[in-house]
Amino acid sequence: MNIPTRTSANGSAISVNSIVYLYPGTRALDNVSFDIPRGSVTALVGPNGAGKTTLLRCLAGLDRPLTGSITVAGIDVLEEPRLAHATVGYLSDFFGLYDTLTVRQSLAHAASANGVADATVAATVERTAARLDLTDRLDQRCAALSRGLRQRVAIGQAIVHAPAVLLLDEPASGLDPEARHSLAALFTRLRDEGMTLVVSSHILAELDEYSTHMLVLRAGKVIEHRLLGNTSASVNERHVRVTLAAPQANWRSTLDAIAHVRVIEAGERDALLSIDGDAHEQARVLRELIAAGAPVAGFAEETENLHQSYLRTMQPEARA
Amino acid sequence: MNTVNPELRRNLWLEFSWHRVIAVPVVITLLVLLIVASDDKNTFDSLTTAAAYGYAAIVLLWGTKLAGASVIDEARERTWDAQRMSSITPWRMTWGKLLGAPSFAWYCGAILLVIFMVCGSQGKLPVARYAALMACGALMLHAMALNGGVLAARNGVANRSSGILIILVLLFLMMVTRVLIPDNLEKPVTWWGLSLSYINLLLYSVVAFGAWSVLGAYRAMCNELEIRTTPWALPSFIVFTAAYCAGFAIGGHANDPSAFFGIMACAVVTAMVLVYGLLLAENHGASAWQRLRVRMQARQWQRALQELPLWLVALAVGLFAALATSITAMGSTTMETLDGRLVNKIGLAPIALILFAARDAAIFQFFALARQPRRVIAATLFYLLLLYGLVPGLLNVSGAHALAGLVLPPLVYESGFTTLIMAVQAAIAIALAYARWRKLHALDADFRK
């Protein structure tokens, strides 16, 4: 099928600009802005009541914020919500299935309802079922399925029309470890196929398996959005620890002379640098250090897992 | 686009099984045999009556319940979000639900309708017109229920008792209809000077209001599926209903000045009924007003129109009609079909009526704009009970008639003074609601800082 995606101005899969969502006397989303790159998996984390579900519903075009703009796959969600729906798959935290329908009927309805042509519905159902290991369950009624299998059917319904963006609200809640693992494998596969995922969850260890970015919400505000596996606070910034084989004279001034590098801390034989850019930028910094005569013995990106990142972000002193 | 409406097909999957398809004709055949065996004199009459009652119970009552619950159940079972995100157009979704949700009731009803027509044709009944009336009437009721269901789901008032409520309302309507409709449906009736048989007028009316009901359900579905609509349908419906109702009061000619008066007077009443109905059905939270304010500040007038609460549109139409009614009433001596002196006495009463609706709507808004709105309808009803009954009643029996008139002016004063008092009451209620909204807005601004 033809999904009407467009190229967004900044090449992001999702672009959110200053959205405000009000509940009486409360700002569920307070001037929220961020960009999510294509092909990424963003872990949307934050305490209860932070605004995660509201944000996902706004991205899906199910709820309308008071002000601001949202672009998904190049489509303005607030101006053209119906068009945006065709590019988005959404799984709500409390999803429902038509219990008396079979898995095949459920997937076929989702496919037809999302514009898959009649002639290809059957093949689309088979393909989606195969992706989700549901082929041998196709003729079972949804009511007879376990929680994990129901979750898979619901995800199948959300991705049956091959959306560019998939939004999942607590997809692993209530699942056993095996089902969670298979869900993580599925998300990794979808990411590898080029789909952009935003996953809200409280189970950080599970998010760590497949997330590339972390977006932290608290009290309706974005308090951090960055690339994972890195201790820096920005999506493009990376922290790199440099270790020397021996102390070097003018070590600090050597570091300060390198362009696009910020020195976070510098000891006699090591330093923690913030490099604004990708792996090529890191290679350039390393080349310049060696050219300046620094006896570099170690040059490694500093990483932390999602759980560590989240806790560090949520610590009050970290916010000061 | 899919050749088969996906929503209709889903409903057919849900509603039909081989067992159900076979069981229904078998059971109906057994019931027919039972009637034939037990009644050897008026078999055809008995079968006609039984088929009509069976149809009423299955298609009119149960089918309407199913149509009304079709969206409510989805909202409750949490499948509605996926439907809202689907690419099914509002038009197809409306028909998919309208025909699909009560499809099994229609299947049973179709068999009963055939029995009704076959057996009824043995007597003097115009069975084809009766059958058309029954089918169109069912479609109209289903569309009305679907419309209500969409609004209920949108405002989160869907619950398990919704279906029972729909059936109770229908039973009430059926009782009222039974009283209003004469036994002899071939009796002539005059409408806008035309002499029609009751059955024909009824059939045309059901077709017309059925079409309005489907349009209403479609418009509600548009909003639910995130397609914005400008509010032209509601004023058109008010004018149509007013013209329809006025046709019974104004038996004479359409060019008579009393025709305009009649239409406007009926428009006032229709608008008032819709104001109260829509107040109960729409979302009136602060966010709806904030959205309107943002659009107006940005001078996006069409968007502002799209954000307007429909009760406010009905109130505006009602106010216009009330002004027109009062102005026409002042020159009422030229009227042919209505008693000019009687009309002249109406004075400003239509405006007072609309001011009553405006005050009550403002009271409703006052409670809806609370920071944590709870039991808005119950709180409003409590204060309306005080204003319409308890307080003026108590003042009246204690001899304070003037004071009682200040609370419920028609008790004591004529239409001019009543209008003045109601204008003051409406202004106070609107000011209170506005102050509450400002307070909420200020809270929101503080929160922003």
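First the proteins, then the strands, lettered A, B, ... as listed; each starts at 1. Small disclaimer: the values here were computed from a predicted structure and weren't measured.
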Looking only at non-hydrogen atoms, find the nearest pair between [X] and [Y] and report the distance.
X	Y	value
Arg228(B)	Leu78(A)	NH2-O, 2.6 Å
Ile88(B)	His109(A)	CD1-CE1, 4.5 Å
Arg82(A)	Pro90(B)	NH2-CD, 4.4 Å
Asp118(A)	Val4(B)	OD2-N, 4.2 Å

Minimum side-chain heavy-atom gap His85(A)-Leu225(B) below 4.5 Å: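 No, too far: nothing below the 4.5 Å cut-off.
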Is there a side-chain contact between Arg9(B) and Gln105(A) in this structure, where contact means two heavy atoms from C-beta onward sitting under 4.5 Å apart?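 No - every pair of side-chain heavy atoms lies 4.5 Å or more apart.
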What side-chain donor-acceptor pairs closer than 3.5 Å can you find for residues 95-106 of chain B, not counting sequence neighbours?
unit_1    : atom_1 : unit_2    : atom_2 : d
Lys97(B)  : NZ     : Glu7(B)   : OE2    : 2.6
Lys97(B)  : NZ     : Glu74(B)  : OE2    : 2.6
Ser103(B) : OG     : Gly100(B) : O      : 2.7

Proximity breakdown for Ala370(B) and chain A, heavy-atom pairs closer than 4.5 Å: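 Just its backbone gets close to chain A.
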Can you tell me which portion of Glu307(B) sits under 4.5 Å from chain A's heavy atoms? Options are side chain, backbone, both or neither.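 It is the side chain, since no backbone atom gets that close.
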Using the side chain to side chain donor-acceptor pair (under 3.5 Å) criterion, which residues pair with Thr53(A)? Sequence neighbours excluded.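 Partners of Thr53(A) by the side chain to side chain donor-acceptor pair (under 3.5 Å) criterion, ordered by chain and then number, come out as Asp169(A).
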Mind checking what makes salt bridge (charged side-chain N to carboxylate O under 4.0 Å, His left out) contact with Arg152(A), not counting sequence neighbours?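 Arg152(A) satisfies salt bridge (charged side-chain N to carboxylate O under 4.0 Å, His left out) with no residue once adjacent residues are dropped.
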Are there residues of residues 130-142 of chain A whose heavy atoms fall under 4.5 Å of chain B's heavy atoms? If so, which?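 Not one residue of residues 130-142 of chain A has a heavy atom under 4.5 Å from chain B.
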Can a donor-acceptor pair be found, under 3.5 Å and without considering hydrogens, that links the side chain of Ser87(B) to the backbone of Gly115(A)?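 Between the backbone of Gly115(A) and the side chain of Ser87(B) there is a qualifying donor-acceptor contact (under 3.5 Å).
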Is a donor on one side and an acceptor on the other found under 3.5 Å between the side chain of Arg10(B) and the backbone of Ser106(A)?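 No; judged by distance alone, with no hydrogens or angles, the pair does not exist.
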